Amino acid sequence: DAGITQSPRHKVTETGTPVTLRCHQTENHRYMYWYRQDPGHGLRLIHYSYGVKDTDKGEVSDGYSVSRSKTEDFLLTLESATSSQTSVYFCAIANQPGGNNSPLHFGNGTRLTVT
Amino acid sequence: GQNIDQPTEMTATEGAIVQINCTYQTSGFNGLFWYQQHAGEAPTFLSYNVLDGLEEKGRFSSFLSRSKGYSYLLLKELQMKDSASYLCAVGRRDSNYQLIWGAGTKLIIKP
């Protein structure tokens, strides 16, 4: 199994507070992704990274920012959490772009509840 | 536009065969992935098809028809542990190879 760890696994926070989720990999993969998963929706891409300090927006990036200061860590920050950001967040890694014959390996997810 | 459709839920009997369909509309098609996701867990990779035809991997097979924008995942000799959601995802060359995901098909296996 790909070495990928997300922390925390569960978090409850209040509206308006900042929240940071961490994704750590030991596979030295270049590509890292943050997705959210909500009932009735497919996985939706928030942001992704194609190298250290190289990031780009996904389809649902509003209200989120990311940073990748080293290969192994990809941080997702909710600037000011809202109830609409209650979701399960998955980090994924790949050694090529995820849609180019390169399966994604997912972390175990973070369940975030914003009250 | 870009779109992927899968049935929301299917039910099958242990030991039987089930086919889960996925239809898609997209530009810059670069292959179709199937993932399995057990409740409360992460998705795990099952298969990848980029050319037309059937790919077999043990009890699981995946089929692709690019001209029809259609794929299916075939599960044989169903076991209770196959109860999970099955996610279809399409890669696109014209969006930095980003994946478009279907909402998933929840498969319920009954004894």
Side-chain angles (χ1 to χ4, degrees), chain A residues 1-7 9-10 21 23 25 27 29-51 54-61 87-112, chain B residues 1-9 20 22-51 55 57 60 62 64 71 73 84-106:
Chain A
D1 288 345
I4 177 169
T5 306
Q6 289 185 234
S7 59
R9 292 296 313 279
H10 301 271
L21 309 183
C23 179
Q25 60 142 332
E27 302 297 318
H29 283 351
R30 179 179 173 187
Y31 296 87
M32 297 186 76
Y33 303 83
W34 276 108
Y35 284 95
R36 60 179 289 174
Q37 187 173 43
D38 304 289
H41 292 271
L43 286 161
R44 291 183 290 177
L45 183 65
I46 305 171
H47 282 278
Y48 67 100
S49 170
Y50 48 96
D54 290 324
T55 65
D56 206 350
K57 295 178 180 180
E59 61 181 307
V60 291
S61 59
S87 187
V88 178
Y89 291 84
F90 284 103
C91 177
I93 62 174
N95 56 15
Q96 294 187 45
N100 187 27
N101 191 21
S102 180
L104 297 180
H105 300 283
F106 286 85
N108 286 326
T110 295
R111 184 173 295 276
L112 177 68
Chain B
Q2 325 297 329
N3 194 45
I4 295 183
D5 287 314
Q6 308 178 232
T8 303
E9 188 174 296
I20 302 174
C22 171
T23 59
Y24 63 88
Q25 291 178 298
T26 187
S27 58
F29 177 80
N30 195 58
L32 188 143
F33 296 80
W34 284 97
Y35 286 78
Q36 180 189 59
Q37 186 177 24
H38 286 101
E41 298 184 8
T44 55
F45 170 73
L46 287 177
S47 67
Y48 173 70
N49 295 67
V50 67
L51 299 176
E55 297 270 348
K57 258 191 208 180
F60 291 10
S62 56
L64 176 66
S71 173
L73 182 69
S85 289
Y86 292 86
L87 314 181
C88 172
V90 170
R92 295 174 52 212
R93 280 190 303 276
D94 56 356
S95 69
N96 293 324
Y97 299 100
Q98 294 315 312
L99 290 165
I100 305 170
W101 293 82
T105 298
K106 183 178 180 180

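All chains are named by letter (A, B, ...) in the order of the sequence lines, taking the proteins before the strands, and each is independently numbered beginning at 1. Model, not experiment: these values are computed from the prediction.
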Chemist: Can you find a side-chain donor-acceptor pair between A:Glu59 and B:Gln98 that sits under 3.5 Å?
Modeler: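 No, no side-chain donor-acceptor pair sits under 3.5 Å.
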
Chemist: What residue in A:Arg111, A:Gln37, A:Arg44 has the most heavy-atom pairs under 4.5 Å with chain B?
Modeler: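 Ranked by contacts with chain B, first place is A:Gln37.
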
Chemist: Quick check on A:Leu45 against chain B: is it the side chain, the backbone, both or neither that has a heavy atom closer than 4.5 Å?
Modeler: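 Side chain of A:Leu45 only, per the 4.5 Å heavy-atom cut-off to chain B.
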
Chemist: Between A:Tyr35 and chain B, with a heavy-atom cut-off of 4.5 Å, which part of the residue counts as in contact: side chain, backbone, both or neither?
Modeler: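 For A:Tyr35, side-chain heavy atoms alone lie under 4.5 Å from chain B.
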
Chemist: May I ask you to test the B:Tyr35-A:Leu104 pair for a side-chain heavy-atom distance under 4.5 Å?
Modeler: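 In contact.
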
Chemist: Taking all non-hydrogen atoms of both residues into account, name the closest pair between A:Gly107 and B:Ala42 and its distance.
Modeler: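 So the minimum-distance heavy-atom pair works out to O-CB, 3.0 Å.
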
Chemist: Would you mind telling me which of B:Gly104, B:Pro43, B:Gly102 has the largest number of heavy-atom pairs within less than 4.5 Å of chain A?
Modeler: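 Among B:Gly104, B:Pro43, B:Gly102, the one with the most close pairs to chain A is B:Pro43.
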
Chemist: What heavy-atom pair brings B:Glu41 and A:Phe90 nearest, and what distance separates the two atoms?
Modeler: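 Heavy atoms of B:Glu41 and A:Phe90 come nearest at O-CZ, 3.7 Å.
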
